[in-house]
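To start, the structure itself, in structure tokens.
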Protein chains: 2
Amino acid sequence: MPRSRKAPTMVDIARAAGVSPMTVSRAFKSDGAVTDATRKAILAAAEDLGYVFDSVASNLRSQRTGFVAVTIPSINNANFADTVDALSEGLSQRQLQILLGYTNYDIIEEERLIDQLLRRRPEALVVTGGNHTARARRLLSNAGIPVVEIWDLPEDPIGHVVGFSNAGAVRAMVAHFVARGKTRIAFIGGDAERDKRGSDRRAGFIAAMQSHGLDSTRLIAAGPPPISMREGANSMRQLINSLPDTEAVICVSDLSAFGALSECQRQGIPVPGRFSVAGFGDYEIGAVSVPSLTTINPFPREIGTRAAALIRDVLDSREQGHIVVPITPELLLRESSC
Amino acid sequence: MPRSRKAPTMVDIARAAGVSPMTVSRAFKSDGAVTDATRKAILAAAEDLGYVFDSVASNLRSQRTGFVAVTIPSINNANFADTVDALSEGLSQRQLQILLGYTNYDIIEEERLIDQLLRRRPEALVVTGGNHTARARRLLSNAGIPVVEIWDLPEDPIGHVVGFSNAGAVRAMVAHFVARGKTRIAFIGGDAERDKRGSDRRAGFIAAMQSHGLDSTRLIAAGPPPISMREGANSMRQLINSLPDTEAVICVSDLSAFGALSECQRQGIPVPGRFSVAGFGDYEIGAVSVPSLTTINPFPREIGTRAAALIRDVLDSREQGHIVVPITPELLLRESSC
DNA sequence: ATGAAAGCGCTAACAG
DNA sequence: CTGTTAGCGCTTTCAT
């Protein structure tokens, strides 16, 4: 039935089934109070006419869209993908659907995106990170829907938070290396202002090194996001050339850590024998590489699961307090730093 | 302005600006014929009242949503992410926004998803793969909007196609190994019925091996999707144990190929010296690993770019012919098979 | 360039 | 359990 004329509406179904449009409407809701027989007849008529329920009209009338808007820096990042996947799963039970947008690690783009997403009248909004333009903050504050910032612990949260301290996690990593007797430790990445979580990790490295009374200036830039393996390899080459006495390197991500590791392999530098490497994020590569990578697991799926639960709760209770759900990253000691 | 009472509508803005709602509506369209002065006043009033344009109402009245629905098997796959990213970019110029759904490699789930997405009244629909349930095919055929199947060349396309032959690409890989003098070649993955592209690759391997008069039964299962590095390593272990005289392995993905490579490294098997490895997809891991991985680049971004261009064209011209845009994957010979 | 009237397709609210 | 009425917020259409 190639929709030759015009798509059928509930009125058409109602006529075909000999009921009122309202009954058709009820037949399409799971909790609609309709006799089994009439519902069956209505659904049959709908199937017969090739009817497709119109959510747009439903949304306008009921003032509920079933959307939860989500912004992430990039779709091509396994950590954020895990969070979105878990979020999506946790929201589907409430019939909520994710409306996803990519900021490309740019808060100007994020502002534009938030503005656009808000026009679609989502019932909640999840943003990655706590760094926003003034206007974006205003839009979020006035949106009149639950707002959740994830993957960070913002100083001045807009609404709810499900996240962790990126700086704190790296501090634990530095402590691990120091306990292993390393003193000349470098950091790769986090130089891009656009990637706030990356620069937080780098700042955490610097602060931790200083608190241990160690040289905190072995910093190698890895360029603008997205973080890549290639940049990690390039940075490692640079590190070997410029600071050859370095003993260990902490990377802003497992991706750059693997790149660094591959460069060591190319240059015949034994890891961990001569050099230790650590990453961040617990990507699959770190578990499978030889040697496996010491890293930090920030529990991306848990972030999504918790954010979904939070949204469900807030939507239920109309709770207005600002809830902070702290996530505790886990230090995973593996072969690359033994 | 925490929306204490009720969100302002165009009527409120109109009153505040001393114009009719229709003029407010025009002021918000880029091509709306409104005096610069009145537009300025209207936008100022809107900003002042914290007005947020309501797309839902706009969509209902204009019967245009600006959505393009897209289904992919998994959000956590760099190849599909690249396609979606390029697609998104190519559609944004037409103010089209992607409404994304994940099928989890399950055509039953895909059917449910298509049904749900269609209710949102997208203006076009992009589905990954050419394998669908009968009802899904019917829904797509009757949707009255352009349908594009990507990442495959279906025998019986529903609408338009932007894709390539997965079997054909693997055939080229087999030819490469045979030319290198390899005869005992294995294939890892593609055993899961749910991953049609994976099983197409495996089928291509079997057919190619048979056409060369070679043993086509060195097949190792890698379990259900998503394809993982870990499964690649497990499969390699199995291969080494069960068919130790194998000379080369083609994997369903670079991820499994890297897993296989890592297992070789753990067991001290020189690659490519004693054993050759190839993957599929041209993931970043294959370019950075040591040795780098011979693979096939299916141009995921190009698939997205072409699909976006196709949708723009079809939406413009109301063209009804079924267009097929063939993508030609490229064989990338790298260190792992030299 | 601006306005008035009507209505997109559905469902809240109320009635029976 | 079913129906009637009205209207969600915007834009099409037709005037002016």
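Note that the structure is predicted; figures quoted are calculated from it, not measured.
In this structure, A/Y51 does not reach the C/dG9 phosphate: none of its side-chain N or O atoms is under 4.0 Å from OP1 or OP2. Distances shorter than 4.0 Å separate some side-chain N or O of A/Q63 from OP1 or OP2 on D/dG9. Taking side-chain N and O atoms only, B/T38 has a distance below 4.0 Å to OP1 or OP2 of C/dT2. In this structure, A/T23 reaches the D/dG3 phosphate: one of its side-chain N or O atoms is under 4.0 Å from OP1 or OP2. Put simply, A/S25 has a side-chain N or O that comes within less than 4.0 Å of OP1 or OP2 on C/dT11. For A/T9 and C/dG9, the shortest distance from a side-chain N or O to OP1 or OP2 is not below 4.0 Å. Considering only side-chain N and O atoms, B/S62 lies nowhere under 4.0 angstrom from the phosphate OP1 or OP2 of D/dC10.
Along DNA chain D, the nucleotide closest to B/R26 and the one closest to B/V56 are compared, and the more 5′ of them pairs with B/V56. Comparing B/V34 and B/A57 against DNA chain C, the residue whose closest nucleotide sits nearer the 5' end is B/V34. Comparing A/S58 and B/L60 by the nucleotide of DNA chain C that holds the closest heavy atom to each, the one mapping nearer the 5' end is B/L60.
Of the candidates A/K196, A/E149, A/E111, A/H132 forms a side chain to side chain donor-acceptor pair (under 3.5 Å) with just one, namely A/E149.
Taking A/R119 as the reference, nothing meets the side chain to side chain donor-acceptor pair (under 3.5 Å) condition, with sequence neighbours excluded.
Between the CZ atom of B/F53 and the C1' atom of D/dT11 there is a distance of 9 Å, given to the nearest Å. Atoms CD1 (A/I13) and P (C/dT11) sit 13 Å apart, rounded to a whole Å. Taking atom CE of A/M10 as the reference point, atom C1' of D/dT4 lies 16 Å away to the nearest angstrom. Between the NZ atom of B/K6 and the P atom of D/dG7 there is a distance of 12 Å, rounded to whole Å. If you take NZ of B/K29 and P of C/dA1, they are 17 Å apart, rounded to a whole angstrom. Between A/N59 atom CG and C/dT11 atom C1' there is a gap of 11 Å when expressed in whole angstrom units. Taking atom CG on A/D31 and atom P on C/dT11, their separation rounds to 11 Å, with Å as the unit. When rounded to the nearest whole Å, the span between CZ of A/R64 and P of D/dG7 equals 23 Å.
Because its NZ or CZ atom is not both nearer than 6.0 Å to the ring centre of A/F53 and within 45° of the ring axis, B/R120 does not count as a cation-pi partner of that residue.
Picking from D/dG9, C/dT2, D/dT13 the nucleotide with the shortest atom distance to the side chain of B/M22 gives D/dT13.
Looking at B/R61, its side chain comes within 3.5 Å of the base of C/dG7 through a donor and an acceptor atom.
Contact detail for B/L96 and B/L315: the closest heavy-atom pair is CD1-CD2, 3.9 Å.
Counting heavy atoms of neighbouring residues, nucleotides and ligands inside a 6.0 Å radius, atom CD of A/E193 does not exceed 12 of them.
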